[in-house]
Amino acid sequence: MMSIRYVKSGAWFGKRMVAAFACLAVCMLLPAMNANAQVLPQIEQMIAGAEQYRNTDPAKALPMAVSALNEARRLKHNPSIARALRYTGVIHFMTGDLSAAERRFDSAFRLYTVLGDMPGIAASLNNLGVINQERGLYEKAAGYFDKSVEIKFSLGDTLGACSGLINTGTIYSYTGNYDKALEYFTRVEAIASQNCDTARLIDAKINKSTVFIRQKETRTALSLLKEASKLSRLSGDDYSLAYCYNNIGGVYQTTFQNRQAIDYFKRALAIRDDLGDVAGMATTLDNLGKIYTRVKEYDIALAHFFQALKYNQQLGDQRSTAIGLNSIDELLLEKDDYYGALEYFFKAVPIARSLSLRHEAQVIYGNILVSYAALGEPDSARVYLALFNAAGDSGWYAQVKAGNKVETGGWIHERKPGHQPVLIYVLGAMVVVLSAFSAWLLYRLGQAGRTRKPENNTDSQGL
């Protein structure tokens, strides 16, 4: 599960491209221009105390942020309340509590609207966009980001607009429009470089690396990640460093350097565990499970997959849940348990379609068709060969949006595991089955080393 980092990535290496996609945009953590000039000094001081632990120990920062919010409410000072609401939402997000984060951001947005505070409104819209992005509600998320970016540019807040640009780029990355994603990330990288903004520069490099990994340009990806990891260490940003390690592991996974990949995934997992980054842990656990599947350590792999799935379901991260289900499926395929694999595939397909995840849907369709081929079901294999090919075309999005559905899965409760078709039927359908398998095999070779996120996800960054 690649980590795409929102300026929250996902999921293949990393939940969530992300998911995978994550950290809130740094800009929303800073004083919001005119509005924060009105925040009471004692509240700003309390938030500054929590900020010392935001990246290294968000669980420790949370009660400090809540104390700032309670004090602002006691003083009945609305600008300070809004500021503390947003900051507390950031910490909730970083500890994996999306519902609490959303409530804080929504309350802040409403209060900023009453105050007529445009910078605060823009920051809160960006926050709400990240929450919806993390949950796989991409159209809704993009709407929030577009409004936020528009306001920030109108205010002359070019740097602040970068967070929304990164998140929009992440959406393009998740849905397979890599050229558009790179356009957004490169734009942010240029702005950050001009303004010596280390945090956003790290975000842009991490997200660009995710795209290059998916495009199999591993040298470019690794170079970007080493630059980002160096900046992360120099700035003491453990949260970003974990993203870098996760995606470096993804590069080694793609190039079949399994032990190096395991080493970097374990480094990322250790940091994320220390930070309490549940979404990040889910992404990295899924990546480790894939590597252990590759080296045929199936019991270890399955334990990692189920733990990742548990985290993703707790977070309500549908994108990463679909990827996690597919990971379990592929392990079962490795063990020739085709009936078991199909059961999980059919749980993953509706999620991938509902979120318009073309990349993930094509992978799942390919795995279903090879399962049917192995079971001697050429008619079903033919159906999924067509779906596999359709998902490779950009027109797939329009079909999904139009509500085209494929009935799947009903047969699995009716068929008996020992059933085999007659030999004549198998031979007569061999051409179809071999065609399906060949298409799947060529695709899988092209996708070797794929991981979510993302890390929602693919891991990605940017609140």
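As a basis for the values below, the full set of heavy atoms in this structure was taken, side chains included, without hydrogen atoms, waters or symmetry mates.
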Mind checking whether Ile43 and Ile81 have side chains closer than 4.5 Å, heavy atoms only? no
Output yes when Arg54 and Glu51 qualify as a salt bridge under the 4.0 Å nitrogen-oxygen rule, no when they do not. yes
Other residues, nucleotides and ligands only: do more than 12 of their heavy atoms fall within 6.0 Å of CZ on Arg233? yes
Would you find a donor on one side and an acceptor on the other, under 3.5 Å apart, between the side chain of Glu189 and the backbone of Leu201? no
What about the rings of Tyr172 and Tyr184, do their centers lie closer together than 6.0 Å? yes
Where the side chain of Asp286 meets the backbone of Ala282, is there a donor-acceptor pair that is under 3.5 Å apart? no
Can you find a pair of side-chain heavy atoms, one from Thr284 and one from His304, that are under 4.5 Å apart? no
Arg104 side chain to Arg86 backbone, donor-acceptor under 3.5 Å: no
Under the side-chain contact (heavy atoms from CB on, under 4.5 Å) criterion, do Glu330 and Asn367 qualify, and how do the steps go? CA-CA 7 Å; Glu330 292 182 345; Asn367 288 331; 2.8 Å; yes
List the atom pairs, with distances to 0.1 Å, where a side-chain N or O of residues 68-75 and a protein N or O form a donor-acceptor pair under 3.5 Å, not counting sequence neighbours.
{"from": "Asn70", "atom 1": "ND2", "to": "Val66", "atom 2": "O", "distance (Å)": "3.4"}
{"from": "Glu71", "atom 1": "OE1", "to": "Arg74", "atom 2": "NE", "distance (Å)": "3.1"}
{"from": "Glu71", "atom 1": "OE2", "to": "Arg74", "atom 2": "NH2", "distance (Å)": "2.8"}

Could you check Asn246 against Arg272 for side-chain contact (heavy atoms from CB on, under 4.5 Å), going step by step and ending with a plain yes or no? CA-CA 10 Å; Asn246 185 81; Arg272 288 173 162 176; 3.7 Å; yes
Would you kindly say whether Thr254 and Lys216 are connected by a side-chain donor-acceptor distance under 3.5 Å? no
Is Gln42 atom CD crowded by more than 12 heavy atoms from other residues, nucleotides or ligands, each under 6.0 Å away? yes
Do any N or O atoms from the side chain of Arg267 and from the backbone of Ala242 form a donor-acceptor pair under 3.5 angstrom? no
Without swapping roles, check the side chain of Gln133 against the backbone of Tyr138 for a donor-acceptor pair under 3.5 Å. no
Within the distance-only criterion (no hydrogens, no angle test), does the side chain of Thr255 pair as donor or acceptor with the backbone N or O of Tyr252 below 3.5 angstrom? yes
Does Ser173 reach the main-chain N or O of Gly169 with its side chain, forming a donor-acceptor pair under 3.5 Å? no
Around atom NZ of Lys347, are there more than 12 heavy atoms of other residues, nucleotides or ligands at under 6.0 Å? yes
Is the shortest side-chain N to carboxylate O distance from Glu44 to Arg83 below 4.0 Å? yes
Does the Ser223 side chain pair with the main chain of Arg219, one donor and one acceptor, at a distance under 3.5 Å? no
Counting only N and O atoms by type, is there a donor-acceptor contact under 3.5 Å from the side chain of Asn195 to the main-chain atoms of Asp197? no
Any ion pair linking Glu227 and Lys230 (charged N to carboxylate O, less than 4.0 Å)? no
Check: Asp157 side chain, Gly160 main-chain N or O, donor-acceptor pair, under 3.5 Å: yes
Check: Asp146 and Thr168 side chains under 4.5 Å, non-hydrogen atoms: yes
